[in-house]
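Some notes on the structure that comes next.
All residue numbers refer to positions in the sequence shown, counting from 1. Counting starts at 1 for both ligands and their atoms, in listed order. Computed from a prediction, not measured in an experiment: that's the story for all the values here.
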Amino acid sequence: TTTPRKFFVGGNWKMNGSTKSIQTLVDTLNKAHLPVEQVDVVVAPPAPYLALVRSTLDSKLGVSAQNVYAAKSGAFTGETSPLFLKDLDIHWTLTGHSERRQYFRESSEYVAEKTKFALDQGLSVIACIGESLIERETGATNAVLASQLEPLAAALTAADWARVVLAYEPVWAIGTGKVATPAQAQDAHKYIRSWLAKHVSPAVAQATRIIYGGSVTAGNCGELARMGDIDGFLVGGASLKPEFTQIVKARL
Ligand SMILES: O=C(COP(=O)(O)O)NO
C-alpha cells in the first residue's frame with residue numbers, strides 16, 4: 001500500500017502588497033480556519049514582509065521565501081540567506097520560478113545548486129519547472145522538463161526529496177488567464193512522476209508532491225484537483241484574494 005500524498009497549496013504573492021494589504025490578507029487567512037490536517041498551506045510574501053507575515057499568520061500555515069541565495073552570509077548584495085529564514089522560523093523557499101529564470105537568467109544548474117544548499121540548511125523547497133509556449137508548440141515539453149529535472153536529480157539525495165515539492169508551472173499559463181486543461185496538466189505531471197521513477201526512484205516518484213501553477217482560480221481548481229497526479233497548486237494572482245481559501249479546499 002502506498003501512503004497518499006497530502007494535498008499542498010502554495011500562494012506566491014510575487015512582488016505585490018503593502019503592510020496594510022498584507023495585514024488584511026493575513027487576517028482573512030487566519031479567520032478562514034483552513035483544513036490544515038488535510039492540506040498543507042504555505043504562503044510566499046515578498047522578502048521585506050517575511051517577518052511581518054510569520055509573526056502574524058496562524059502558525060499552522062507555512063511561510064516561504066520566493067528565492068534564496070546559495071550561501072549562509074557574505075558580500076552578496078540584495079540576496080536572502082537561508083539562515084535568515086530559519087532565524088525567522090520560516091521553513092520554506094521557492095526556487096527556480098520561471099520569472100527568475102526569465103528575468104534573472106537562473107539556469108537549471110544554478111537552481112539545483114541553490115535548492116541543494118537550501119535543503120542542506122534544513123529548509124523545505126518548492127522547486128519550480130515548466131516549459132514556454134514555443135517549447136510546448138514545438139513538442140519539446142517533455143525534453144524541457146527533463147532538462148530542468150536532471151540537475152536536481154544529480155544534486156539531491158533520496159532523503160532530500162522528502163523536503164521537496166515540485167511545481168509544474170507552464171510559462172504560457174502564468175499570469176495569462178490561459179490555464180492548462182486538466183488533461184494537459186495531468187499529462188505533464190504524469191511525465192514528471194515517471195521521470196522521477198526512472199531517474200531517482202519509484203519511492204520518490206510516488207511520495208513527491210507535484211503541484212500545478214498557472215492561472216489557477218476558485219473556478220478551475222476543482223477539475224484540476226481531480227487529476228491523479230496533481231497534488232495541489234502554486235497560486236499567483238488568486239493567492240492575493242480571498243478566493244485563495246476556496247482553492248485550498250479544492251480537493252475536499
Ligand atoms: O507563477 C505562478 C502562477 O501565477 P498565476 O496564478 O498568477 O498565473 N505561481 O508561482
Using a strict cut-off of 4.0 Å, indicate which atoms of ligand 1 neighbour a heavy atom of N12. 9 (N), 10 (O)
For a salt bridge (Lys or Arg N to Asp or Glu O under 4.0 Å) with D231, tell me which candidate from K6, K190, R5, R209 qualifies. R5
Non-hydrogen atoms of G10 versus ligand 1: any pair closer than 4.0 Å? no
Distance alone, cut at 3.5 Å: any donor-acceptor contact between the side chains of T95 and T115? yes
Would you mind reporting whether I192 and I129 have side-chain heavy atoms less than 4.5 Å apart? yes
For A180 versus A173, what's the shortest heavy-atom pair and its separation? N-CB, 4.2 Å
What residue and heavy atom of the protein are closest to atom 7 (O) of ligand 1, and at what distance? G237 N, 2.8 Å
Give the atom numbers and elements of ligand 1 that come within less than 4.0 Å of a heavy atom of G175. 5 (P), 7 (O), 8 (O)
If we number the atoms of ligand 1 from 1 as shown, the ones under 4.0 Å from a heavy atom of A173 are 8 (O)
Please classify the I174 to ligand 1 contact at 4.0 Å (heavy-atom distances, strictly less than): side chain, backbone, both or neither. both
Who's the nearest protein heavy-atom neighbour of atom 6 (O) of ligand 1, and how far? G236 N, 2.9 Å
Can you find an N/O atom of S215 closer than 3.5 Å to an N/O atom of ligand 1? yes
Indicate yes or no: at least one non-hydrogen side-chain atom of Q148 is less than 4.5 angstrom from one of S108. yes
Which word best sums up how the rings of H189 and Y168 line up, parallel for under 30°, tilted for 30 to 60°, or perpendicular for over 60°? perpendicular
Closest approach of L152 to A112 (non-hydrogen atoms, all atoms of both residues): N-CB, 3.7 Å
For atom 9 (N) of ligand 1, closest protein heavy-atom neighbour: E169 OE2, 2.5 Å
Residues sharing W92's hydrophobic cluster, by side-chain heavy-atom contacts under 4.5 Å among ILVMFWY, directly or via others? F8, V42, L94, I126, V165, I211, L234
Test item, A238 contacting ligand 1 (heavy atom, 4.0 angstrom): no
Taking only heavy atoms of G214, which atoms of ligand 1 are found under 4.0 Å from at least one of them? 3 (C), 8 (O)
